[in-house]
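Here the structure is laid out as structure tokens; the discussion comes afterwards.
Proteins get letters first, then strands, A, B, ... in listed order; numbering begins at 1 in each.
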Amino acid sequence: MTSKKYILEMFPYPSGNIHMGHVRNYVIGDINARYHKLKGDDVIHPMGWDAFGLPAENAAIQFNTHPQDWTMKNIQNMKDQLQKLDLDLNWDRELATCNQDYYRYQQELFIDFYNADLAYKKDALVNWDPVDQTVLANEQVIDGKGWRTGAKVEKKNLSQWFFRITNYADELLNDLDKLKLWPEKVKTMQRNWIGKSIGAEIKFKIHENSDYLNIFTTRPDTIYGATFIAVSINHPIVKKSLDEKLISKIKKEFGEIDNDKDKIGFQMPIHCDHPIIDKKIPVFIANFVLDTYGEGAIFGCPAHDERDYEFAKKYSLPIIKVIECKDESLPYNGDGVVINSPLLDGLKKDNAIKEIIKIFKKDNIGKEKINYKIRDWGVSRQRYWGCPIPAIYYEDGTYRVLDKEELPVILPYDVNLKGKGNALLNMEDWRKIVCPKTNKVAYRETDTLDTFVDSSWYYIRFLDNKLEKPFNAEKVNKLLPVDKYIGGIEHAILHLLYSRFFMKALRDIYDLKVDEPFKQLFTQGMITHKTYRTEKNEWVMPKEVISKDKKLLRIHTKELIEEGPSEKMSKSKKNVIEPDEILDSYGIDATRIFMISDSPPDRELEWTDEGIQSSKNLVNRIERYFLKEKTVISTETEKKVEKFIYDIEKNILEFSLNKCVADIYTLFNYLEKNQIYLYDSNLSKKILICLFPVLPRLSKKISTSLFKSEKLGNWPEVNDELLVENKINLPIQVQGKLVTTFETVKGYEEKDVLKSIYQLDKIKNKIENKKILRIINVQDKIINIIIK
RNA sequence: GGCCUCGUGCUGGAAUUGGUAGACAGUCUGGACUUAAAAUCCAGUGGGAUUUAUUCCCGUGGCGGUUCGAGUCCGCCCGAGGCUACCA
């Protein structure tokens, strides 16, 4: 029975050239795709381009070109390089996210999301790069500075589009358990990112007026220990209580601290009533309270929280112990018996939490609450080179999301990128339209979508890349999830979480039957290389380094070179190996072998000259082997070949590709050592088929010369009978320690074996004059003799 | 600080998932071939001891435990890497 196999590698950003990391990624996928084809499966193995994004704009400015031209040129170049690698890809499925026939359907999806209330617009504090005049994503802010400009990032209140990923927080979390074929590490990272905490929401009444302050806590059991309230500077209560001038002064002070772990606060002219005890507690604005988590307000319990403790010490606030512990161990945030809390005394943490929530509920001052760390996904980007958001604004400030009939909103080509900020803002002709529905003047949205939106659904578009709808629901139901998705761990959270969200959202909008986009995720390791630098601390490319008299020298200048540790290949350290050059010198097969030998594919692979050379030697050796004249073939040889088929298949399926290489060596070591040559026998056919996924060129070449055909048929069925090895070397232990092995056959009679081994000198020596207490015979595996 | 992953020869790594530790490869050493180098082929390559053998002992970061038996399971400790970081 044939089945479908959708094998996908994360599509590349067209930066200009394929690098070794890509090669490793695609070789791993390609071996799988080729194997499944040989098994007779319907294999989908597409390739495309994650083609929108800021680097294109930067390059356009730098090289005086256009992002589109730059991107298209890169795509062509990289496609040529991929084709040189001879990967078995479905090029007819190719897509590029910057093409109209992709992004116009993304605009449709945006409208779907909007209509389903999964896309919305709101004012939000965003990271604003004052030099580039653009919003930056959180991950583009490094140590509070813009990654490109190095300018200190400001918080700015802007109206932004969001996707309601928080609607799916619980499902995204729970469904991780269903993803049995995902690395545990990635799932953990996603769990942490979603950050579900169970606790309580408590209403604190403001003493001076009738307002309330909501506070989220995971430790309501410590409520008696609350001695202050702290809120974020952006909390609405701040605006109500203080004037603008003072607020900006505090903001400035907060911004000026050197160590951002230092805690400072400002006491507000208001207080809160403690919800249980009859007392007032002060309210502070504190720099350590996050406005993006919980309610942006906390109650401080200094005795049982490190941050609150530090803050209380600094501002001489009372510290009340409510969990039993030694005074020296304060702040103590562990479990324990509640004290100094009349309604909770004697209870342990869990019970105390339950009890206090009961009391809160009864008095209507609080309830249990689940809080998530994950925020809604801000998708607006003030950049030109992205998918235009299909919305328009009227002069009165109202806006309308377009209807699908009004699509596409095409990204204009003639822009001036030299100005500051989003080039679309200056495109008056493009921006200004007359709304066909109202006949009113309107302006197009100039923000474009985060490029992570582009990559959140491309795996669906591949199934029908020319369809005049975003996707074909029937095909999605039939062909998704992707069976094997291969890529770098750096996408563990963002891309993979966004894609999971998209799949679930689309499922709900279109009534699809798919819950998760990727059934199996395989994260390949990076490729490392030694680093080299001159005494002047200049990085030097490996190909410029030669070894002479045990010293490393730079080829042309003869400068002395110092060798550094192996690190991820990077342009900045120049420790890169160019795939093109390797392919030219060693060929595709040797490159493929090296990509999977030595290290398991999910771990680092260190590039070495010896490694690639010995891979080439293996390829040559196999080619030479098949030139030798045929010899007599024994059953034992048949068995070895059968074992090879079984092992290599198992190892391909388990992504243990390094072991596939070992299987190949083991087989040819056996054949050559015993001078068994198979030439044009049936066994050769089987071997060549099994070599094909790993060494396609070589396998084809030998097949053609021996059998006059490139294709030798499907993956061979493993003959189980030949796999069973009857003869075994049974390990014999005395007192659990190996003494010798005994050659016998499977299914031996225990007493016969014992009789024979008692005659062996080694055993005799050990058990002479001793009493045999017990014989442990694990049939066909081991015999252990226990003596006294 | 929190969470996760992982500690096996000189190196990358195997080990049927609790049953012969070190497969396979690289490196290095010696030998064959060669005018020479590369390639190729042969032998050796965890540590130690000795009577040099079809020998013995030790050995999977450390200590302890479970078991007839532990690289594998459990507890504590040490170390490395990754992610995340004032998440209330």
Tell me which nucleotide among B:C4, B:C58, B:U27 gets nearest to the side chain of A:Glu610. B:U27
Distance check, P atoms only: B:C10 and B:G62, in whole angstrom units. 14 Å
Of the candidate nucleotides B:C68, B:G26, B:C24, which contains the atom at the shortest distance from the side chain of A:Ser614? B:G26
Taking only the C1' atom of each, what is the distance from B:C28 to B:C83 in whole angstrom? 39 Å
Mind checking the P distance from B:U29 to B:C77? Whole angstroms is fine. 45 Å
Short question: side chain of A:Thr608, backbone of A:Gly611 - any donor-acceptor pair under 3.5 Å? yes
5' precedence on RNA chain B between A:Ser197 and A:Val661 (nearest-nucleotide basis): A:Val661
Charged tip of A:Lys640 within 45° of A:Tyr670 ring normal and under 6.0 Å: yes
Closest to the side chain of A:Tyr665, out of B:A25, B:A88, B:A23, is B:A25
Sorted by position of nearest nucleotide on RNA chain B, 5' first, the leading residue of A:Glu184 and A:Phe216 is A:Glu184
Contact string for nucleotides 29-34 of chain B, one letter per nucleotide 5' to 3', B = base within protein heavy-atom range under 4.0 Å, S = sugar-phosphate only, - = neither, reads ------
Pick the C1' atom in B:G2 and in B:G9, then give their distance to the nearest Å. 36 Å
In B/S/- notation (B base, S sugar-phosphate only, - none; protein heavy atoms under 4.0 Å), nucleotides 38-53 of chain B written 5' to 3' is -SS-------------
How far, in whole Å, is B:G47 from B:U60 if one measures between their P atoms? 15 Å
Can you tell me how far P of B:A88 sits from CZ of A:Phe228, to the nearest Å? 15 Å
Please tabulate the protein-to-nucleotide N/O contacts below 3.5 Å involving nucleotides 79-83 of chain B, giving atom names and distances.
none

For RNA chain B, what is the dot-bracket line, given that a base pair needs Watson-Crick (N1 to N3, plus N6-O4 or O6-N4) or G-U wobble (N1-O2 and O6-N3) geometry with both distances under 3.5 Å, and | means paired with another strand? (((((((..(((......[....))).(((((.......))))).((((.....))))..(((((..]....))))))))))))....
Partner set under ring pair (Phe, Tyr, Trp, His ring centres under 6.0 Å) for A:Phe288, not counting sequence neighbours: A:Phe311
Ring centres under 6.0 angstrom apart (A:Phe299, A:Phe228): no
Using a cut-off of 4.0 Å between protein heavy atoms and nucleotide atoms, how would you tag nucleotides 10-20 of chain B 5' to 3' with B, S and -? --BSSS---BB
Using atom C1' in both nucleotides, what's the gap between B:U45 and B:G26 to the nearest angstrom? 12 Å
